[in-house]
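Have a look at the structure below before the remarks.
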There are 2 protein chains.
Amino acid sequence: MENRIESIKKQLHSQSYKLTPQREATVRVLLEREEDHLSAEDVYLLVKDKAPEIGLATVYRTLELLTELKIVDKINFGDGVSRYDLRKEGADHFHHHLVCIECGAVDEIQEDLLGDVEQIVEKDWNFKVKDHRLTFHGICYRCHDKVETSMEQEVTTK
Amino acid sequence: MENRIESIKKQLHSQSYKLTPQREATVRVLLEREEDHLSAEDVYLLVKDKAPEIGLATVYRTLELLTELKIVDKINFGDGVSRYDLRKEGADHFHHHLVCIECGAVDEIQEDLLGDVEQIVEKDWNFKVKDHRLTFHGICYRCHDKVETSMEQEVTTK
DNA sequence: TTTAGTGCAAAAAGTTTGCACAGAA
DNA sequence: TTCTGTGCAAACTTTTTGCACTAAA
């Protein structure tokens, strides 16, 4: 935790930005909720617990800055809100997402599944890939199990 | 063109929706600009040429309806705007996109590059894939060529 | 004392909604 | 007539911006 803050501090400094208390509080929230996909509003509310005087605009500006420095990735799952997702330390590719259309859960795939596909794109389309966004929509294992369970129950009830 | 309108009309009717003049004008715009990735506002302005009395709200409602019926796909490239992309007739998967970070161009890949990846996701993550979104960010062939050309020019000018 | 960063409020941008009206079944 | 669909304006949501102020270098 502390060393990741330290590392982010260095990244900011290397571009002559400061890690102000507000920015640090924001980064801490992102670190604590690494698995989640928080909207700016979500982050704002969580940061307020640590630093009640912070303004929403500052959160937006901080998230924008962190996005620029590729410390976080800004994503959009199709509801009208941008969400912010911390990059894994040293990850050169952006991880993938599984969005459940049943329960809304968003799971992450850290493994890079696109190596082969990127090669095809570079070769066949002459497109120099710098980044990617891959999201699957479908039924997550939890909802999948739920359906099976309720079907079993139905059978056993009868 | 006309037969695709006919086909969309049938799809609407099958769900007890009508293809009103406003909806038809909207669909025609989408068909004419199939390669583009129009925002609601873009569609609105183009439809206005055909049917000046149409309202923006109607365009939004029509696009929402078409999205529901999976005639168009709603996408989001990270600028704050939703874009609407007609599905190719009979396409069961949503096509992929190449977004150029240099010139902003958006190219489409109709081929399905994710067959293998989806199998892995279904098997390893126990996730029933229903749809996907895949976008690569990078340098398109045009900008790629441009850089090379300007480099050549530099050399020959010297 | 200069400059980056902040908080607040207002504005902008995109989208949705309420409602009275129009037009097809 | 009945009900779906429409246009308009207002409302709402999310994000950005202007500006005076703060605080660190």
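Letters A, B, ... are given to chains in the order of the sequence lines, protein chains preceding strands, and every chain is numbered from 1.
Between the OH atom of B/Tyr44 and the P atom of C/dT15 there is a distance of 14 Å, rounded to whole Å. Atom P of nucleotide D/dT15 and atom CG of A/Asp42 are separated by 10 Å, given to the nearest angstrom. Atom CG of A/Leu19 and atom P of C/dG5 are 11 Å apart (whole Å). Between A/Leu56 atom CG and C/dA11 atom C1' the separation is 14 Å, expressed in whole Å. Atom NZ in B/Lys18 sits about 16 Å away from atom P in C/dA22, given to the nearest Å. Nucleotide D/dT15 holds its P atom 13 Å from the CG atom of A/Leu38, rounded to whole Å. Atoms CG (B/Leu12) and C1' (D/dG5) sit 12 Å apart, rounded to a whole Å. C/dT3 atom P lies 20 Å from atom CD of A/Gln15, rounded to whole Å.
Within the 4.0 angstrom heavy-atom criterion, only backbone atoms of the sugar-phosphate kind lie near B/Ile54; the bases stay farther away. Using a 4.0 Å heavy-atom distance criterion, B/Glu53 is classed as a sugar-phosphate-only contact. At a threshold of 4.0 angstrom between heavy atoms, the contacts of A/Ser82 are confined to the sugar-phosphate backbone, with no base atom among them.
Electrostatic pairing of B/Arg28 and B/Glu32 does not count as a salt bridge here, judged by no charged N lying under 4.0 Å from a carboxylate O.
With sequence neighbours excluded, the residues that form a salt bridge (charged side-chain N to carboxylate O under 4.0 Å, His left out) with A/Asp73 are A/Arg87, A/Arg133.
Note on A/Leu134 and A/Ile75: separate hydrophobic clusters, where clusters join Ile, Leu, Val, Met, Phe, Trp and Tyr whose side-chain heavy atoms are under 4.5 Å apart, directly or indirectly.
The side chain of B/Ser16 contributes no N or O atom lying less than 4.0 Å from OP1 or OP2 of D/dT4. Between A/Ser39 and D/dT14 there is no side-chain polar atom (N or O) within less than 4.0 angstrom of OP1 or OP2.
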Test log, rule side chain to side chain contact (heavy atoms under 4.5 Å, CB included), inputs B/Gln11 and B/Ile8: CA-CA 5 Å; B/Gln11 285 182 70; B/Ile8 288 167; 4.3 Å; yes
Full working for side chain to side chain contact (heavy atoms under 4.5 Å, CB included) between B/His132 and B/Glu118: CA-CA 9 Å; B/His132 57 236; B/Glu118 288 194 0; 2.6 Å; yes
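Within residues 57-70 of chain A, the residues having any heavy atom under 4.0 Å from DNA chain D are, by residue number, A/Ala57, A/Tyr60, A/Arg61.
Side chain of B/Gln22, nearest nucleotide from D/dT15, C/dG5, D/dT6: D/dT6.
Shortest non-hydrogen contact noted between A/Leu86 and A/Leu30 is CD2-O, 4.0 Å.
Where A/Tyr84 and B/Tyr17 meet DNA chain D, the nucleotide closest to each residue was compared, and B/Tyr17 sits on the side nearer the 5' end.
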Compile the donor-acceptor pairs under 3.5 Å between side chains in residues 52-61 of chain A and protein atoms, sequence neighbours left out, one pair per line.
none

